[in-house]
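Remarks on the structure that follows.
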Amino acid sequence: MIIPNYTDDHYLNFQNNERKSKKDNQVTLLFVGVVMHSKGIEDLIRAIAMLRDLNVIIRVRIIGRFESSAFQNKLNRLTCELEVDNKIE
């Protein structure tokens, strides 16, 4: 069974958007669950940096516990390295 995507592909074309104000154009993502490697949270953090570089105003809220303090420290280092720690709550 094939389920088509009913959202037009051009809907998320950020490159041609004009930025009027932070509130009007801010993208907010919400992650809820156990924060662990297998859920791709590191990919999410790298995507935040890529979107920031495309001038997309983005915030990410992460709700949940970390699988370990070592993994939490690893993510903290990654967010600082990519300079996106101010984009994540």
Side-chain angles (χ1 to χ4, degrees):
M1 172 186 271
I2 298 175
I3 301 173
N5 181 1
Y6 289 104
T7 302
D8 292 332
D9 291 338
H10 68 275
Y11 180 76
L12 296 176
N13 185 358
F14 293 114
Q15 291 178 337
N16 295 326
N17 279 350
E18 291 183 30
R19 302 286 178 227
K20 295 179 183 173
S21 73
K22 286 186 177 186
K23 189 172 184 179
D24 290 342
N25 293 308
Q26 181 173 303
V27 174
T28 302
L29 298 176
L30 176 64
F31 177 94
V32 179
V34 177
V35 182
M36 53 196 313
H37 173 76
S38 64
K39 293 190 178 182
I41 195 76
E42 293 157 297
D43 294 332
L44 174 61
I45 292 170
R46 288 184 182 92
I48 295 166
M50 292 170 66
L51 290 169
R52 178 210 51 216
D53 294 344
L54 292 171
N55 296 319
V56 175
I57 302 167
I58 185 167
R59 301 279 313 151
V60 175
R61 292 185 180 178
I62 298 175
I63 300 173
R65 64 176 178 80
F66 288 87
E67 67 177 328
S68 69
S69 59
F71 189 65
Q72 182 176 6
N73 291 335
K74 180 180 179 178
L75 291 183
N76 286 337
R77 285 190 303 273
L78 180 62
T79 59
C80 289
E81 176 185 312
L82 296 175
E83 299 178 351
V84 294
D85 50 325
N86 63 336
K87 306 273 184 205
I88 301 172
E89 298 175 15

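Values in this document were obtained by computation on a predicted structure and should not be read as measured data.
- Atom CD1 in I41 sits 4.5 Å away from atom CZ in F31 (nearest 0.5 Å).
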* **E42 and I45: CA distance, side-chain angles, deciding distance, side chain to side chain contact (heavy atoms under 4.5 Å, CB included) verdict** => CA-CA 5 Å; E42 293 157 297; I45 292 170; 5.5 Å; no
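- F66 pairs with exactly one of K74, M36, Q72 by the side-chain contact (heavy atoms from CB on, under 4.5 Å) rule, that one being Q72.
- Taken together through direct or relayed side-chain contacts under 4.5 Å among Ile, Leu, Val, Met, Phe, Trp and Tyr, L51 and V27 form part of one hydrophobic cluster.
- Taking all atoms of both residues into account, the shortest heavy-atom contact from V35 to G64 is CG2-O, 4.2 Å.
- Side-chain atoms of R52 come within 3.5 Å of backbone atoms of E83 as a donor-acceptor pair (strictly under, hydrogens ignored).
- Contact check for I62 versus L75: no side-chain heavy atoms found under the 4.5 Å cut-off.
- A single hydrophobic cluster is seen to contain both I58 and L54, as judged by linkage of ILVMFWY side chains at heavy-atom distances under 4.5 Å, directly or through other members.
- Closest approach of L82 to A49, counting heavy atoms only: CB-CB, 4.2 Å.
- Here the closest heavy-atom approach between residue I88 and residue R59 is recorded as N-NH1, 4.2 Å.
- Taking the side chain as every heavy atom from C-beta outward, L78 and R46 approach each other to under 4.5 Å.
- Atom-to-atom distance recorded for I57:CD1 and T28:OG1 is 10.5 Å, nearest 0.5 angstrom.
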